[in-house]
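No hydrogens, no waters, no symmetry mates; every other heavy atom, side chains included, goes into these values.
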Amino acid sequence: MARAQRLLELIQVLRRHRRPVSGQTLSEELGVSLRTVYRDIQTLIGQGASIDGEAGVGYVLRPGFVLPPLMLSDEEIEALVLGSRFLAQRTDEPLARAAQNAIAKIAAVLPEDLRDSIEGNGLLAGPASRLRVEPERAPIDLTPIRQAIRSERKLVLQYADAQGGRTRRTVWPVALGFFDRVRVLAAWCELRQDYRHFRTDRIVALRLTDKRYPRRRRAMMQEWHAKEGIPEQI
C-alpha cells in the first residue's frame with residue numbers, strides 16, 4: 001500500500017471508531033506494523049489532523065477534520081451507488097431525493113475517471129416489497145419523525161393497535177427502522193414508562209412538539225440497544 005493511501009486509510013479507520021482505539025487494533029486493521037502506525041499518526045498530526053491520545057492509551061480523531069481531495073476506491077463507489085439505489089427503493093420520497101443529491105455532490109468533486117464509474121455503475125437494486133398499510137389509511141409522512149430524532153423533541157401520536165383500539169402517546173423518539181414491509185419507530189413512551197415500538201402504518205396522526213426530552217438521545221440509544229440486544233450500527 002502506498003504511503004499516501006495508507007494515511008487516508010488510517011484516517012478512515014479512526015473516523016469509524018467513536019472511542020479511543022489502540023495502536024495494536026489500528027495495526028491489525030491496516031495490516032502494518034505497530035511502529036508504522038505510530039509514525040503515521042505523528043505524520044497526520046504534523047499535517048493538521050486533530051488526533052488525541054498516546055501509545056498504550058489509544059487514539060481518537062476529534063470531529064471537524066476534513067479529508068484531502070476526495071478519492072474513493074472502486075468498491076467504495078459501488079457501495080455508495082448501490083446504497084443510494086436501495087435507499088431510493090425503500091424509503092420515503094424526501095430521503096430518496098436526498099440520496100440522489102448526495103451522490104451528485106460526491107460525483108462533482110471526484111476526478112473524471114471516477115465520476116464515470118458512478119454514472120456507468122452496473123449494480124442495481126431490485127424493487128422493494130410492498131409496504132404494509134392499514135386499510136383505508138394513507139401512509140404517514142415520516143419527515144416529522146426524522147426531525148424529532150435529530151432535534152431530540154417529543155412527538156404526540158394517535159396510535160391504533162392491531163385490534164383498532166386507539167391511544168394517545170407522548171414519546172421520545174430514539175430510532176426509525178426501515179424493514180422490507182414496515183417502518184418501525186423505537187421510542188420511550190411516557191404512558192408505558194418504557195421503550196416501545198410503533199409501526200408507522202398504525203400511526204393515525206402525529207404532532208411534533210417544541211418540548212425536548214430530558215435525556216440525550218445518544219445515551220437512550222445505547223440503553224435501547226442493550227435492552228433489545230441489537231448490535232449498534234456504524
Is there side-chain contact between [X] and [Y], with at least one heavy-atom pair below 4.5 Å?
{"X": "Thr209", "Y": "Leu155", "answer": "no"}
{"X": "Ile140", "Y": "Asp201", "answer": "no"}
{"X": "Leu176", "Y": "Val184", "answer": "no"}
{"X": "Leu34", "Y": "Glu28", "answer": "no"}

#### Entry: Partners passing ring pair (Phe, Tyr, Trp, His ring centres under 6.0 Å) against Tyr159 (at least two apart in sequence or in another chain)
Phe198
### Task
In plain terms, say whether Arg216 and Glu152 are close enough for a salt bridge, that is, a side-chain N and a carboxylate O under 4.0 Å apart.
yes
### Query
Hey, is Arg6 close enough to Asp40 for a salt bridge, meaning N to O under 4.0 Å?
yes
What pairs with [X] under side-chain hydrogen bond (donor to acceptor under 3.5 Å, both in side chains), at least two apart in sequence or on another chain?
{"X": "Arg192", "result": "none"}
{"X": "Gln147", "result": "none"}
{"X": "Ser84", "result": "none"}
{"X": "Ser151", "result": "Arg153"}

Once salt bridge (charged side-chain N to carboxylate O under 4.0 Å, His left out) is applied, do any residues pair with [X], and if so which ones, sequence neighbours excluded?
{"X": "Arg207", "answer": "none"}
{"X": "Arg168", "answer": "none"}
{"X": "Arg97", "answer": "Glu93"}
{"X": "Arg196", "answer": "Asp194"}

For the [atom1] atom of [X] and the [atom2] atom of [Y], what is their distance to the nearest 0.5 Å?
{"X": "Leu44", "Y": "Ser50", "atom1": "CG", "atom2": "OG", "result": "11.0 Å"}
{"X": "Leu30", "Y": "Thr36", "atom1": "CG", "atom2": "OG1", "result": "9.5 Å"}
{"X": "Glu223", "Y": "Arg217", "atom1": "CD", "atom2": "CZ", "result": "13.5 Å"}

### Summary
Apart from Leu191 itself, its cluster of hydrophobic side chains linked below 4.5 Å comprises none
### Query
If you group Ile, Leu, Val, Met, Phe, Trp and Tyr whenever their side-chain heavy atoms sit less than 4.5 Å apart, what else falls in with Ile230?
Trp172, Val174, Trp188, Tyr195, Tyr213, Met220, Met221, Trp224
### Of all pairs that satisfy salt bridge (charged side-chain N to carboxylate O under 4.0 Å, His left out), the ones with a partner from residues 51-60, not counting sequence neighbours
Asp52-Arg62
#### Entry: Test item: side-chain donor near acceptor, Ser33 and Arg35, under 3.5 Å
no
### Task
Find out if a path of hydrophobic residues (ILVMFWY) with successive side-chain heavy-atom gaps under 4.5 Å connects Val156 to Val171.
no
### Query
Does one hydrophobic cluster hold both Leu80 and Leu87, with members joined at side-chain heavy-atom distances below 4.5 Å?
no
